[in-house]
Trainee: 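For reference, the structure I am asking about is given below.
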Amino acid sequence: MIGIFDSGVGGMTVARAIEQALPDYRLVYFGDLARTPYGSKSPDTISRYSCQNVDFLLARGARLIVVACNSAASVAAERLRATYDLPIFEVIGPAVEQAVRSSAGGRVGVIGTRATIRSGVYERLIRERRDDFQVFSAPCPLLVPLVEEGWLDKRETKMILRRYLAPLKQQQVDTLVLGCTHYPLLKELIQRRIGDRVKVIDSSRALAADLRDFLTTNPEVAQTLSHRGEGENLYYVSDVTEAAAQIARRIFGRNMELRPADDTGDQ
Ligand code: DGL
């Protein structure tokens, strides 16, 4: 199976893109709702949780891992690659590629959680590819709770977005990376606020396309993955809540069965 993990249900934006791009493959998802948010935690804690999440997915048959959480990808991807001998995909690389390709003026904005922005990973990777580019980053810690409350079109959300995006607007960024699982749900508002000229990047589809290409060119890996005919996709969470079910419904446009993953524990 393709194993996907996130700190909660926001990563389902990535799972959905993978379901659409690779409808024949089976997915197993884990959302660590009991310990969310990751974005305000230390790199050590996020890395430890990430390893536990991968162990959980491996125990359920995953043979390839997708880190859907930006906060986890930004601080734990290296450790995961060093620890596990299996293909590990994450959301940051494809977003960086897209940003570098789409920015005409070399002024890229990045928004994310505190952990992601503090890691400096987007700046580093963008400037490794284009050292003539300037990267302007802004942590937006209030956006995750607003999305989780379903405040997708409220006046308060617009006001907070205006405040967060003002410095990036002032810097006249021409590209803006949505460096967090939850922000695609605010994409329209963000686009309106930052202006039509700015290319707003959500990496989930690019990641799904990379994964599809990888499986086509690596049939020996594709062979180890189970297919939809062998069972349904499994969506586990470490805490089942009504709010999570609602977000999942909004992301997929259908009712989702969220399975309790009560055997994850603190390994
Ligand atoms: N999944 C996290 C991310 O993409 C957002 C939620 C959290 O802070 O845990 O950074």
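In listed order, ligands and their atoms are each counted from 1.
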Trainee: Whether the side chain of Y183 engages the backbone of G112 through a donor-acceptor N/O pair (distance < 3.5 Å, no angle test) should be reported.
Mentor: yes
Trainee: Check whether any side-chain heavy atom of P37 lies under 4.5 Å from a side-chain heavy atom of S7, and answer yes or no.
Mentor: no
Trainee: Tell me, do R26 and I2 make a side-chain contact under 4.5 Å, heavy atoms counted?
Mentor: no
Trainee: Once the angle between the rings of Y38 and Y49 is folded into 0 to 90°, is it parallel (under 30°), tilted (30 to 60°) or perpendicular (over 60°)?
Mentor: tilted
Trainee: For the pair R127 (side chain) and F133 (backbone), establish whether a donor and an acceptor sit closer than 3.5 Å, ignoring hydrogens and angles.
Mentor: yes
Trainee: Can you list every protein residue that has a heavy atom under 4.0 Å from any atom of ligand 1, sorted by chain and residue number?
Mentor: D6, S7, T36, P37, Y38, G39, C69, N70, S71, T113, V144, C180, T181, H182
Trainee: Looking at R124 and E128, is there a salt bridge between them, counting it only when a charged N and a carboxylate O are closer than 4.0 Å?
Mentor: yes
